[in-house]
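Shown next, in structure tokens, is the structure this report addresses.
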Amino acid sequence: MDLVLRVQELDQDANFMTSTFETDVLIVGGGPAGSSTALSLLKYSNLEVALIEQGALNNLRVGEQVNASIFDLLSYLGISKTDLDQNSVLPGYDSLAAWGSSNISSRHSVFSTQVDNFQLDREVFDLFLLKKASENGALIFPRTKAIEFKNNETFWLVNVKHETKGDFVIKTKYLVDATGRQSSVCRKIGAQFTKFDDLVAVGSFLHFKDKKVLEQEILLETVEEGWWYYAALPNNRVVVSLFTDSIIVKEKQIQRTECWMELLLKTNHVKRKMKNTVTHEKLWVRNAFSHFTDTSDTFNFLAVGDAAASFDPISSFGIGFAISSACHAAKAILDHEINDHALTEYQRSINEIFSNYMQNKHLFYNKEQRWKDSYFWKNRT
């Protein structure tokens, strides 16, 4: 998917990149949380918004299942369901799990019991949101890394480095961390970062040797080392990953294809879904830990999406929280002009969401009692 951004015009202006650029709000991170923050601010205010993204906006992303409430969130941002590429949002017919026993049953997420769900092509969806933000007036800087952050209780000065144009400075009244689970801005400025586990995913994207009509389904299957995730994706692809703790990956060398395959072949159900699939990619290892950041003591600063709080993938809470937290953060910024406590109230709402999540997560993991003495399950039950 081609993404035409106004930053391409800025890239051609070397003089611009050596100056100080001013904006009302600077968002660091170009995922759904960052794009949605920009879209919400631009729709409901006249504030100037800039967004920087360290990557080149072409990284492969894992698909994600969402429920129908996502369309209400998008509507709030001025996006209708018909605006979306229909091949990037497919109906998810089944959500199944062998969790607590070897038998498969229908599975609802920790937070949602809605039947209607959809499978996203994250690459297409993420770039669509970013393009919408650009079209609505956001200045987007891809391949740009934030190096240093300073504030004087009046504004922020952010030193950034563009991949080819070099260093420049962005002056902004408000700063938003949308860098994802690593919360890189929060960490650099010293915001409180609390990590609750070491969950990682080791997985691969695969496709079938022969074209076939895939059932749009998700399957979870628990094992002694953790749990397997299988999901059908658009374009005749599937994603398969083992969620386990990083120490288990290291001890059992699960990042090696032969070790990963050995564990996969021990499953009862997931292995049956993999017949006639191939991949030419290396296994990837990605963080999936739960964490919480507290930004309440930091001047004119908010975190959104996974940077504010990250959730176990069993919650099916990723994209929905990314967009909803972005909308609430944008409103908090607008309210802050007349209410000095608006940003603190936003942080308090994140605290409450995360507290409820932790209780539900504990209950969900307690449904599996077959391996309660194993390292993975003992840490969760």
Side-chain angles (χ1 to χ4, degrees), residues 5-7 9-10 20-53 69-80 83 126-142 144 146 149 151-158 160 169-179 185-186 189 295-296 298-305 307-308 319-350 353:
L5 301 172
R6 285 195 289 157
V7 70
E9 301 172 9
L10 300 177
T20 297
F21 172 74
E22 294 190 22
T23 187
D24 295 312
V25 182
L26 173 63
I27 302 165
V28 184
S35 299
S36 298
T37 304
L39 281 166
S40 187
L41 287 167
L42 293 165
K43 180 173 174 60
Y44 296 102
S45 78
N46 294 318
L47 295 178
E48 294 182 345
V49 179
L51 184 152
I52 64 175
E53 165 58 42
S69 64
I70 193 173
F71 300 117
D72 294 328
L73 293 172
L74 292 174
S75 177
Y76 178 82
L77 297 176
I79 298 171
S80 70
D83 292 333
D126 290 10
L127 292 179
F128 167 81
L129 289 181
L130 202 56
K131 183 178 180 181
K132 281 290 183 182
S134 176
E135 291 173 348
N136 281 271
L139 290 177
I140 314 293
F141 297 86
T144 303
F149 304 87
N151 79 73
N152 62 1
E153 301 301 319
T154 303
F155 54 82
W156 285 90
L157 287 177
V158 182
V160 301
V169 177
I170 299 178
K171 179 181 177 181
T172 182
K173 183 175 182 180
Y174 294 97
L175 179 64
V176 178
D177 185 352
T179 58
V185 181
C186 291
I189 66 173
T295 65
S296 54
T298 309
F299 166 79
N300 283 11
F301 175 73
L302 292 173
V304 293
I319 292 294
F321 177 73
I323 300 177
S324 63
S325 65
C327 295
H328 284 102
K331 186 175 187 305
I333 289 173
L334 302 183
D335 291 346
H336 189 246
E337 298 296 315
I338 56 174
N339 175 11
D340 290 340
H341 301 291
L343 302 189
T344 302
E345 291 169 0
Y346 166 79
Q347 181 63 58
R348 190 178 298 120
S349 71
I350 299 296
I353 290 169

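Predicted model only: the values in this text are computed from it and were never measured.
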Using side-chain heavy atoms (C-beta onward) and a distance below 4.5 Å, is [X] in contact with [Y]?
{"X": "L73", "Y": "L77", "answer": "no"}
{"X": "F128", "Y": "D83", "answer": "yes"}
{"X": "I350", "Y": "F321", "answer": "yes"}
{"X": "L127", "Y": "K131", "answer": "no"}
{"X": "L26", "Y": "F141", "answer": "no"}
{"X": "I79", "Y": "L129", "answer": "yes"}
{"X": "H328", "Y": "K331", "answer": "no"}
{"X": "I333", "Y": "V176", "answer": "yes"}

Quick one: which of V28, N300, N151, V25 gives a side-chain contact (heavy atoms from CB on, under 4.5 Å) with L175?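 Passing option: V28.
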Could you grab the distance from atom [atom1] of [X] to atom [atom2] of [Y], nearest 0.5 Å is fine?
{"X": "K173", "Y": "E337", "atom1": "NZ", "atom2": "CD", "result": "3.5 Å"}
{"X": "L302", "Y": "S325", "atom1": "CG", "atom2": "OG", "result": "10.0 Å"}
{"X": "L139", "Y": "F21", "atom1": "CG", "atom2": "CZ", "result": "4.5 Å"}

Give a yes or no on this: more than 12 heavy atoms of other residues, nucleotides or ligands lie within 6.0 Å of atom CG of N152.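 Check passes, neighbour count above 12.
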Residues in side chain to side chain donor-acceptor pair (under 3.5 Å) with E22, at least two apart?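 E22 satisfies side chain to side chain donor-acceptor pair (under 3.5 Å) with no other residue.
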Not counting sequence neighbours, which residues clear ring-ring contact (aromatic ring centres under 6.0 Å, His included) with F71? List them please. F118
Name each donor-acceptor pair under 3.5 Å that joins a side chain in residues 31-39 to protein atoms two or more places apart or in another chain, with its distance.
unit_1: S35; atom_1: OG; unit_2: G31; atom_2: O; d: 3.2
unit_1: S36; atom_1: OG; unit_2: P32; atom_2: O; d: 2.7
unit_1: T37; atom_1: OG1; unit_2: A33; atom_2: O; d: 2.7

Which heavy atom of [X] sits nearest to which heavy atom of [Y], and what is that distance?
{"X": "T23", "Y": "E48", "value": "OG1-O, 2.9 Å"}
{"X": "A332", "Y": "L343", "value": "O-CD2, 3.8 Å"}
{"X": "T295", "Y": "F301", "value": "CG2-CE2, 3.5 Å"}
{"X": "A146", "Y": "V160", "value": "CA-CG1, 3.9 Å"}
{"X": "S40", "Y": "Y76", "value": "OG-CE2, 3.6 Å"}
{"X": "L42", "Y": "L47", "value": "CD2-O, 3.8 Å"}

side-chain contact (heavy atoms from CB on, under 4.5 Å) between I189 and D177, worked out: CA-CA 11 Å; I189 66 173; D177 185 352; over 6 Å; no
I'd like to know if the side chain of [X] and the backbone of [Y] have a donor-acceptor N/O pair within less than 3.5 Å.
{"X": "W156", "Y": "F299", "answer": "yes"}
{"X": "T179", "Y": "G29", "answer": "no"}
{"X": "T144", "Y": "E53", "answer": "no"}

Kindly indicate, with the supporting measurements, whether the criterion side-chain contact (heavy atoms from CB on, under 4.5 Å) is fulfilled by E345 and N339. CA-CA 10 Å; E345 291 169 0; N339 175 11; 3.6 Å; yes
